[in-house]
Amino acid sequence: MKISIKLNDIKRWLKGKERLMGVLGAAPVVAAATISGSCAGGCPYGLVNDPYPGQCPRYIDANGDGICDLSQASTTSTTDSDTSNSNTDSSTGDTQTATTDSHGNPDTGADQSTDTGGADPSNVTNASNVTSADDNGGFDLGDLLGDGGTGYHVIPLSVLLMGAYLFTHYLFTKGVLTPKRHKRIWNLLVTGGYLGTGVTGILLIFMIKLGITALRQPITFWHAELAVLMVIGTLIHIHIYRKPFKKMFKVLFGRGSTNTKNSGETCEAPNKII
Amino acid sequence: MVYDILLPTVPVLGAYLITYSLYKLGLIKKSLHVSIWNFIIGLTFLVCGGAGFILLILLDMGATLPISQQLLYWHVEFGVTMALVTLFHFHIYWKGTKAMLGLSKRRSDS
């Protein structure tokens with residue numbers, strides 16, 4: 001009885017799936033519209049007082065104090081942090097005075113670093129308003145196509161990798177490539193992606209911890225580029241090994257004979273796949 | 001921002017040693033041991049990759065969210081975990097890894 005109820009629920013859920021997909025499809029548009037109003041132009045990582053050379057390619061230091069302007073909360077915003085609902089005109093006025101102060105008086109930089117240590121997100125939002133005026137003033141959807149503001153090639157690389165997979169899959173189905181070789185090519189690529197992303201990521205953590213600034217930007221760049229290879233490679237990896245992937249859920253969450261009958265295939269498969 | 005390295009690695013390393021020991025002692029099946037760690041690597045990949053993807057989009061847009069800092073923190077923490085679990089993955093699939101890298105003896109390949 002319970003099973004039949006659950007099946008009915010699943011059927012109902014599947015009927016509403018199209019509606020769900022519509023909602024999910026609209027989510028990025030809603031998110032982009034929400035971001036544009038309040039948060040555009042600040043530190044994308046939400047960092048406060050990110051020192052040179054910064055943790056992202058958008059590092060900008062117009063006032064020359066060695067701290068990324070995007071991550072910098074102005075002195076006035078810290079003092080006026082209680083008035084989070086201030087209108088846009090007054091906040092613009094505050095930012096202008098903050099910029100002139102930091103140009104003229106180096107002490108303000110020190111004050112900023114001490115005052116904004118425990119800055120809350122509202123201060124970061126204020127900082128975003130500071131820089132949005134003289135930076136690009138918001139987001140550009142064209143940047144997502146690859147060669148935009150940050151120089152990462154997310155979409156071109158993804159398309160290239162998926163095209164390459166389709167090509168090798170076609171060769172594999174036509175018998176030009178053996179299944180073994182096909183798997184080996186993509187296993188090597190995904191391994192390269194994981195190793196590259198992992199090594200550059202660990203390097204970045206140590207560089208941030210030790211305060212090493214040299215080569216941080218190129219390493220960040222390659223971390224992001226190799227991450228694209230890793231992500232697309234993982235999706236391809238899951239596609240190639242979709243049967244063991246499904247069995248993993250059966251072993252972990254399934255019931256009945258799957259644990260005893262089919263478990264051997266799942267556990268033995270690792271050693272004979274490549 | 002201060003990132004913890006030992007916090008995510010030590011418990012994960014301990015957990016792997018436990019499930020590996022249980023499997024070696026015959027208390028759990030190999031399929032369960034493998035499935036647990038495949039599930040964990042998938043989970044860490046989802047969190048780390050998802051957070052990284054959102055951060056990348058924000059970076060490209062030049063936008064920020066109130067949770068950006070937390071996203072970066074968890075991206076790094078789950079990334080460290082994923083790096084470690086990837087090593088476990090290589091350990092679990094060691095024969096396949098050796099074959100992939102050409103370290104094992106070549107069998108007749110048609």
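Note that these values count all heavy atoms, side chains included, but never hydrogens, waters or copies made by symmetry. Nothing here was measured: the structure is a model prediction, and the numbers come from that model. Every chain is numbered from 1, with letters handed out A, B, ... down the list of sequences.
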What part of [X] gets closer than 4.5 Å to chain A, counting heavy atoms only: side chain, backbone, both or neither?
{"X": "B/Tyr73", "value": "neither"}
{"X": "B/Leu101", "value": "both"}
{"X": "B/His75", "value": "side chain"}
{"X": "B/Leu71", "value": "neither"}

Looking at side-chain heavy atoms only, is the closest gap between [X] and [Y] below 4.5 Å?
{"X": "A/Phe253", "Y": "B/Phe39", "result": "yes"}
{"X": "A/Ile208", "Y": "B/Tyr3", "result": "yes"}
{"X": "B/Ile5", "Y": "A/Lys209", "result": "yes"}
{"X": "B/Phe45", "Y": "A/Val231", "result": "yes"}

Considering all heavy atoms, the nearest B/Leu56-A/Ala224 contact: CD1-CB, 4.4 Å
A/Asn187 to B/Met100 - nearest heavy-atom pair and separation: CB-SD, 3.3 Å
Residue among A/Thr234, A/Ile202, A/Val228, A/Leu195 with most heavy-atom pairs under 4.5 Å to chain B: A/Thr234
Residue A/Phe249 versus chain B: region with a heavy atom under 4.5 Å: side chain
Chain B contact via A/Ile205 - side chain, backbone, both or neither, heavy atoms under 4.5 Å: side chain
What is the distance from atom [atom1] of [X] to atom [atom2] of [Y], rounded to the nearest 0.5 Å?
{"X": "A/Tyr194", "Y": "B/Met82", "atom1": "OH", "atom2": "CE", "result": "5.0 Å"}
{"X": "B/Ser35", "Y": "A/Lys250", "atom1": "OG", "atom2": "NZ", "result": "12.0 Å"}
{"X": "B/Thr86", "Y": "A/Met230", "atom1": "OG1", "atom2": "CE", "result": "8.0 Å"}

side-chain contact (heavy atoms from CB on, under 4.5 Å) evaluation trace for B/Leu59 with A/Tyr152: CA-CA 10 Å; B/Leu59 201 66; A/Tyr152 296 140; 3.4 Å; yes
Audit row: A/Leu252, B/Leu32, side-chain contact (heavy atoms from CB on, under 4.5 Å) steps and yes/no: CA-CA 7 Å; A/Leu252 287 176; B/Leu32 184 62; 4.1 Å; yes
